[in-house]
Amino acid sequence: MTKAQELELRRSEVRQRLNEISGLEGDDFTDEVRAEAEKLTTEFRDIEVRWRVATVTEADEVEKRKAEAAASPDRETRERLELRSKASLGRYLKAALRGGLVQGAEAELMDAAGIEDGIPLELWDTTTPEERAVTDAPGTVGVNLDRIRPHVFAPSILPRLGVEMPRVMSGTYASATIASATAADAVAKSADAPATAATFTVTTATPKRVSARLELTLEDIAAVGQANFESALRENLSMALSAELDDQGLNGDGTNDDLRGLFLRLTDPSDPTDVATFDAFAGAHAGGIDGLWASTLKDVGIVVNPDTMKLAARTFQSATNYKGEMSAAAYAMERTGGFWTNNRMPATASTIAQAILYRMGRSGMRTAVCPHWGRIGVDDVYSGSGKGERYFTLHVLLGDVIVVQPGAYSQVAFKVA
């Protein structure tokens, strides 16, 4: 029995006795009964306070234990994480050079990921531990390689805009959203309930290839397998693919094998005619509140290009509505769900800068998705042999960005000059 339950039982007993005393009259309400009533009343107040504290505290403990249980990986997940930590990108590349198959942890990770060739993308789900290596050659100094945390599918913009990147199996990926729900209404006695068919919007995405080339010299290849070089390899590949993915996921126009990016899925706004003021920046966030996907300013985030951020950072309230020394950028970053910039946002065109507004008030709901097919393919490892070089051409299969919940996004524009 918990402390809260013990207190609840005693509280019930005291209340019952006080109810009995309240029914006593005349000679039955003696001095002893009066003293008992006063004592029980004091005890009841004390128990009430202690019971409330115990209830809250123990509820927090229960939630904490539930969260810890949910966060604790099961046996299969622990084994998968252990495989990731043992697998080496360098050994995958060496196997590609030999034209052979990987063995050991690398082969087991491929089996667990369900791929027959290539490199499992989940290899990047594990951070590389800090390694320090000292070069022994004369005339050199110790080289301390700081911890590198590469992650191919964690670009700087898309995850913050709620774009999930699930691994999908072979075949075309499809996502369905209920476009119009069934109707509900209060009806008269014996009247028919309203019958309205729900409609679905289905969007598909087929694999498209994003590629990067990793060039290594024979001297580099000799170093493959060293812990610090493993980190450098992962970082190099991660940066190359992430940069392209970020740009494609935002700006891809769907032509010439490009992805259909997030901007292409949104509706272009009308161009503003005046340079953005403090009120215009504040109004952009406030205008995102819809009561469904965003109920407060904290539910609305906007990502802008650098020109817009620069303007917002130097834009203050005018003398007629002055309320303090706070720029539009500072106000937005403090009071809203986010206001940030990235150099992959579209450049300003004819003084108009485009931005994306994200309503994030419905936690746990998928709003957009960019599927990937779970592997990195490797080819072209034999070119450049005359120069003692090896070119690893690496390919990732991705799908178009699909906006699952259009109400969560809007495209907005600012005039910056």
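Along the sequence shown, the residues carry numbers beginning at 1. The structure displayed is predicted, hence computed values, not measured ones.
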(request) Could you please spell out the steps behind the side-chain contact (heavy atoms from CB on, under 4.5 Å) verdict for Leu83 and Glu106? (result) CA-CA 8 Å; Leu83 278 177; Glu106 289 74 26; over 6 Å; no
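- Across all non-hydrogen atoms, the minimal contact from Gln354 to Met345 is O-CE, 3.9 Å.
- The heavy-atom pair separating Phe44 from Leu18 by the smallest distance is CB-CD1, 4.3 Å.
- In this structure, Asp307 CG and Phe414 CZ are separated by 13.0 Å, a value rounded to the nearest 0.5 Å.
- Using a 4.5 Å cut-off on side-chain heavy atoms (C-beta onward), Glu13 and Gln16 make no contact.
- Taking the side chain as every heavy atom from C-beta outward, Val303 and Thr341 never approach each other to under 4.5 Å.
- In this structure, Asp271 CG and Ile352 CD1 are separated by 4.5 Å, a value rounded to the nearest 0.5 Å.
- For the pair Thr367 and Trp293, the minimum side-chain heavy-atom distance is below 4.5 Å.
- The number of heavy-atom neighbours closer than 6.0 Å to CG of Asn19, taken from other residues, nucleotides and ligands shown, is above 12.
- Note that the CG atom of Leu89 and the CD1 atom of Ile119 stand 5.0 Å from one another [nearest 0.5 Å].
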(request) Apply side chain to side chain donor-acceptor pair (under 3.5 Å) to Thr277 and Asp279, showing your working. (result) CA-CA 5 Å; Thr277 62; Asp279 287 351; 5.3 Å; no
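- The 12-atom threshold is not exceeded at CG of Leu101, counting heavy atoms of other residues, nucleotides or ligands nearer than 6.0 Å.
- Proximity of a side-chain donor or acceptor of Arg50 to a complementary backbone N or O of Leu7 within less than 3.5 Å is not detected.
- In this structure, the side chains of Met110 and Tyr92 come closer than 4.5 Å at one or more pairs of heavy atoms.
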(request) Could you give me the CA-CA distance, side-chain angles and deciding distance for Val210 and His395, then say whether side-chain contact (heavy atoms from CB on, under 4.5 Å) is met? (result) CA-CA 6 Å; Val210 174; His395 313 284; over 6 Å; no
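- When atom types are taken as modelled, the side chain of Thr296 and the backbone of Lys298 share a donor-acceptor pair closer than 3.5 angstrom.
- For Thr348 (side chain) and Thr351 (main-chain N/O), no donor-acceptor pair under 3.5 Å exists by modelled atom type.
- Proximity of Asn342 to Asp246: side-chain heavy atoms (C-beta onward) are separated by under 4.5 Å at one or more points.
- Here the closest non-hydrogen pair linking Pro166 and Val369 is CD-CG2, 3.2 Å.
- Not one N or O on the side chain of Tyr358 forms a donor-acceptor pair closer than 3.5 Å with the backbone of Arg160.
- Between Ile115 and Pro120, some side-chain heavy-atom pair lies under the 4.5 Å cut-off.
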(message) Does Ile356 form a side-chain contact (heavy atoms from CB on, under 4.5 Å) with Ile302? I'd like the steps, not just the answer.
(response) CA-CA 6 Å; Ile356 293 177; Ile302 298 179; over 6 Å; no
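- Checked against the 6.0 Å centroid threshold, Tyr331 and Phe281 do not count as a close aromatic pair.
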(request) Could you walk me through whether Arg10 and Val14 pass the side-chain contact (heavy atoms from CB on, under 4.5 Å) test, one step at a time? (result) CA-CA 6 Å; Arg10 179 56 183 161; Val14 172; 3.6 Å; yes
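- Interatomic distance, Arg15 CZ to Ser22 OG, rounded to the nearest 0.5 Å: 12.5 Å.
- For Arg45, the CZ atom is loosely surrounded, since the number of other residues' heavy atoms within 6.0 Å does not exceed 12.
- Formation of a donor-acceptor pair under 3.5 Å by the Ser12 side chain with backbone atoms of Glu8 is not found in this model.
- Once rounded to the nearest 0.5 Å, the distance linking SG of Cys370 with CZ of Arg260 reads 13.0 Å.
- When all heavy atoms are compared, the tightest approach of Lys86 to Ala105 is CB-CB, 3.7 Å.
- Contact between Phe339 and Met333 at its shortest, heavy atoms only, is O-CG, 3.4 Å.
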(request) Under the side chain to side chain donor-acceptor pair (under 3.5 Å) rule, what do Gln248 and Asp258 come out as? Steps first, then yes or no, please. (result) CA-CA 7 Å; Gln248 288 281 327; Asp258 282 353; 3.2 Å; yes
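- In this structure, the side chains of Leu262 and Val403 come closer than 4.5 Å at one or more pairs of heavy atoms.
- For the pair Glu43 and Leu40, the minimum side-chain heavy-atom distance is below 4.5 Å.
- Counting only distance, with no hydrogens or angles, the side chain of Lys208 and the backbone of Leu397 share no donor-acceptor pair below 3.5 Å.
- With rounding to the nearest 0.5 angstrom, the CD1 atom of Ile47 is 11.5 Å from the CD atom of Glu6.
- In terms of modelled atom types and a separation under 3.5 Å, the side chain of Thr308 and the main chain of Val304 share no donor-acceptor contact.
- No donor-acceptor pair closer than 3.5 Å links the side chain of Asp299 to the backbone N or O of Ala294.
- Between Ser270 and Ala413, the closest heavy-atom pair is O-CB, 4.4 Å.
- With hydrogens and angles ignored, the 3.5 Å screen pairs a side-chain donor or acceptor of Arg359 with a backbone N or O of Gly288.
- At least one donor-acceptor pair under 3.5 Å links the side chain of Asn251 to the backbone N or O of Arg344.
- Phe278 has its ring centre no less than 6.0 Å from the ring centre of Phe316.
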